[in-house]
Amino acid sequence: MAGEIPDRVPVIPVVDGYFAPKIIGRDNDECFLDGICQAEALAASLARFGYDGAIAEMGLGDEPNVLGCPVEVEGNYVPLVVETLIAGREDIGKLKIPADSSAVATGGKLEPVRWLVEAVGAGQVVLGSVRSPFEYAATVRGLFDFMTDFYRDPELVRDLVAACIPATLAVGKALIEAGVDALVIKDSFASSSMISPDHYREFAWPAEVQAIGELGGLAPVVLHICRNSMPILEDMSKTGAAVLEIDSPVDLAAAKAAVGGRVVLKGNIDAAAVIEKGSLEDVEAAVRYAMSAAKAGGGFILSSGDSIPNSAPENNLTALVEAGKKYGKY
Amino acid sequence: MKDTLENFELAIIAGNADASADLADTIVRQGQATADKIFDHLAAAMEEVGSRYETGEYFIPEMLRSAEAVEKAMTVLEPYLFERRHEQAGIIVMGTVKGDIHNIGKNIIVSALRASGYEVHDLGVNVSTEKFINKVKETSADLLLLSAFTTSTKPALLDIIAALESEGMRGEVKVISGGASHSEDFAREIGVDGFATDVKSTLAICRSLTGA
């Protein structure tokens, strides 16, 4: 992640709690409620497919609530925040925001992360995933109300995002203390598929800069914004993030030309159309294209653009890793 | 010079809820516009909003702002439209399927459909198959609209289609699915009657299936 040219392009697909549990024959909900189960699933997936890094999603099954908002999961559905706490400005104080990393680590909550860090092999890394302040704010307010607030009450948006900055910092620091090699700050709702570049710069970017400014000194930070992030790529490259994780709607060659000289790019094989739905040949072709677009000169990590779905065929992940190792050699 | 209805349409496109409510009030006080005319302008406004989203001029907050302007105008217009006994375009049951709580796209489409004269029963998010089936029965709905954003919701879509078939209702209600979770190919595979990805395509499919 230092941007030096390695022997080959690292391959770190976004294999997280949506895909990994099936590798050990478990449903997502079992591992959602049991961090060690999820850590075992991630380690088993890493060992089976042989990619270069595991992603400890949201503290590994340790998010039964998001800052006090209850979360439920059933079977292989994704976890859902089923109740939001913020009806208005007066409720911001109701959020259970951890004061610091020690508040996150209580009750052995980070044991699964430590377990995973111990379990990964030599040369493999563990990335710890944390929500951005903007994503925390959208989650606890409810996305519909949050985005309606952009025009109805922009001050509430700013205040809520600011109130959530300590949460990103506390969880991020706790993950680093548990031994992860790098952090992924997820800011999916800041995507230009959802909000305008102007709104990104107004509401999301300042908090990214603040969080990455503080956490980036402790570990490299990967900034993840899914779907289309091309219109804001320049801004993302100026957040202080070491790596930008970009999704399939972004033209990888254009991204490399625009910001590849400043930051490492991680992406951007289409998780749904190629890895879930495509043939083995489709996967290989997509990897070859990605290498041709972004491998030259280093600063590239081959990845899926977003989380690999539960229903993706295991053979396609094997093909992704094999093609990545084959075509990624320098 | 634009007339009141044209300004009303522009206020919705701009997402100016106060202006849309004021203009709706003027329309009511003038008492000249037919219900059809009002719905034409509401639908045209939401189609324009959908077009601007497609071209990247509008994003989700701008669409929500326009949806809010429709909602506010409808509270003023509803009694007026009821007096004029506007002929309903059709009855729709809509919701986001089980395992998914995304409501933004659904809510915008609900506003657009109401603005186009449909009676819409919005069941909300994370809706069980049983709830969809019961509401379709209760309302004798013409259309069932299923919103599904997250990829893990495909089993829920399959479950609803299977339940409609086992209840012998599949021939009585047309089903439209939409959302980022699935492709048109998948929608065809499971046997829905239409697949929509945005406001414009949803309105077009609903109109073609109900002849409205």
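Lettering follows sequence order; numbering is per chain, from 1.
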request  = Pick one of side chain, backbone, both or neither for A:Ser307, based on which atoms fall under 4.5 Å of a heavy atom in chain B.
outcome  = neither
query = B:Ile60 versus chain A, heavy atoms under 4.5 Å apart: side chain, backbone, both or neither?
reply = both
query = Without hydrogens or angle criteria, can the side chains of B:Glu68 and A:Tyr151 be said to hold a donor-acceptor pair below 3.5 Å?
reply = no
ask   = Relative to chain B, which segment of A:Phe150 carries a heavy atom at a distance below 4.5 Å: side chain, backbone, both, or neither?
value = side chain
message = Could you check whether atom CD of B:Glu130 has more than 12 heavy atoms from other residues, nucleotides or ligands sitting under 6.0 Å from it?
response = no
task = Would you mind checking which part of B:Tyr58 comes under 4.5 Å of any heavy atom in chain A, side chain (CB onward), backbone (N, CA, C, O), both or neither?
result = neither
query = Just how far is it from atom CG of B:Asn107 to atom CZ of A:Phe144, taken to the nearest 0.5 Å?
reply = 4.5 Å
query = Side chain, backbone, both or neither: which part of B:Glu57 has a heavy atom under 4.5 Å from chain A?
reply = neither
message = More than 12 heavy atoms of other residues, nucleotides or ligands under 6.0 Å from CZ of A:Arg201: yes or no?
response = yes
task = Starting at CE of A:Met147, measure out to CZ of B:Phe59 and round the result to the nearest 0.5 Å.
result = 11.0 Å
request  = Could you grab the distance from atom CE of B:Met63 to atom OG1 of A:Thr148, nearest 0.5 Å is fine?
outcome  = 12.0 Å
ask   = Which answer fits B:Asn126, side chain, backbone, both or neither, if we ask what part of it has an atom under 4.5 Å from a heavy atom of chain A?
value = side chain
Top of B:Gly56, B:Pro61, B:Ala17 for chain A proximity - count of heavy-atom pairs under 4.5 angstrom = B:Pro61
